[in-house]
Amino acid sequence: MKYIYTVFSLLCIVNFSNAQGGGNGQRKPGNGQGKRPQVSGQIIGKVIDSQTQDPLEYTNVALYSLRDSALVTGTITSKNGEFSLENVKSGRFYALINFVGYRNKIVENISINPKNVHVDLGKISLEMKAEVLGAFEVTSEKEGIEFKMDKKV
């Protein structure tokens with residue numbers, strides 16, 4: 001009985017020590033998982049008007065995963081039209097830039113990896129969305145009876 005208790009105790013200690021993963025919270029090298037190390041990157045750029053070259057303030061910038069089109073992160077541009085997406089995990093992405101009154105713009109082939117952690121998209125110009133409305137006529141009709149404070153005309 002003493003022998004069984006000792007073996008059981010040793011098995012429990014070994015099992016719990018393996019569950020701790022080495023005690024420092026990092027994977028052991030050569031564990032055979034074959035995954036690339038995760039890095040955090042930064043994506044910056046500036047959004048401008050295509051005709052006037054003025055910066056566009058409060059423009060939406062959304063970053064989507066190329067693999068499944070899931071929204072990863074997003075931001076809005078500053079007063080000078082610049083934006084910065086921080087702590088972007090490694091992977092391949094595309095950015096959707098949109099602003100009211102302008103055509104949406106998609107920037108493709110954005111890649112964050114250990115060799116490329118800082119991506120500058122440069123100046124992104126948006127074109128105004130012009131829509132031609134059909135002709136219209138404004139008509140008005142004057143009422144036959146007018147009510148004033150002291151009389152009816």
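These values consider heavy atoms only, across backbone and side chains, with no hydrogens, waters or symmetry-generated copies.
Side-chain atoms of N116 come within 3.5 Å of backbone atoms of S111 as a donor-acceptor pair (strictly under, hydrogens ignored). Judged by distance alone, the side chain of S125 and the main-chain N or O of D49 form no donor-acceptor pair under 3.5 Å.
Heavy atoms only, all atoms of each residue included: V117 and I112 are closest at O-CD1, 4.1 Å. Of all the heavy atoms in L126 and R103, the pair that sits closest is CD2-O, 3.8 Å. Looking at every heavy atom in both residues, K46 comes nearest to P55 through CE-CB, 4.2 Å. Taking every heavy atom of both residues into account, V39 and N113 meet most closely at CG2-C, 3.7 Å.
Clustering ILVMFWY residues whenever any of their side-chain heavy atoms sit less than 4.5 angstrom apart, transitively, puts L96 in a cluster other than the one holding I124. L63 is connected to L121 through a chain of hydrophobic side-chain contacts under 4.5 Å among Ile, Leu, Val, Met, Phe, Trp and Tyr, so both are in one cluster. Linking Ile, Leu, Val, Met, Phe, Trp and Tyr residues whenever their side-chain heavy atoms come within less than 4.5 Å places V107 and V47 in a single cluster.
When side chains are defined from C-beta on, T59 does not count as touching F83, because their heavy atoms never get closer than 4.5 Å. Side-chain contact between M128 and Y102 is present, with at least one heavy-atom pair separated by less than 4.5 Å. Two residues are said to be in side-chain contact when any heavy atoms from C-beta on lie closer than 4.5 Å; Y64 and L71 meet this criterion. Counting only heavy atoms from C-beta outward, the side chains of V119 and L85 never approach each other to under 4.5 Å. Looking only at side-chain heavy atoms (C-beta outward), S84 and E82 stay at 4.5 Å or farther from each other.
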Inset, instruction - Go through the steps to decide whether T73 and E86 satisfy the test side chain to side chain contact (heavy atoms under 4.5 Å, CB included), and finish with yes or no. - result: CA-CA 9 Å; T73 187; E86 306 284 336; over 6 Å; no
Inset, instruction - Check the pair V72 / F93 against side chain to side chain contact (heavy atoms under 4.5 Å, CB included), numbers first and verdict last. - result: CA-CA 9 Å; V72 176; F93 308 97; 3.7 Å; yes
Inset, instruction - Take S78 and E57 through the side chain to side chain contact (heavy atoms under 4.5 Å, CB included) test and state the conclusion after the steps. - result: CA-CA 6 Å; S78 63; E57 185 178 6; over 6 Å; no
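With values rounded to the nearest 0.5 angstrom, I110 atom CD1 is found 9.5 Å from L66 atom CG. Here the CD1-NZ distance, from I97 to K105, works out to 8.0 Å after rounding to the nearest 0.5 Å.
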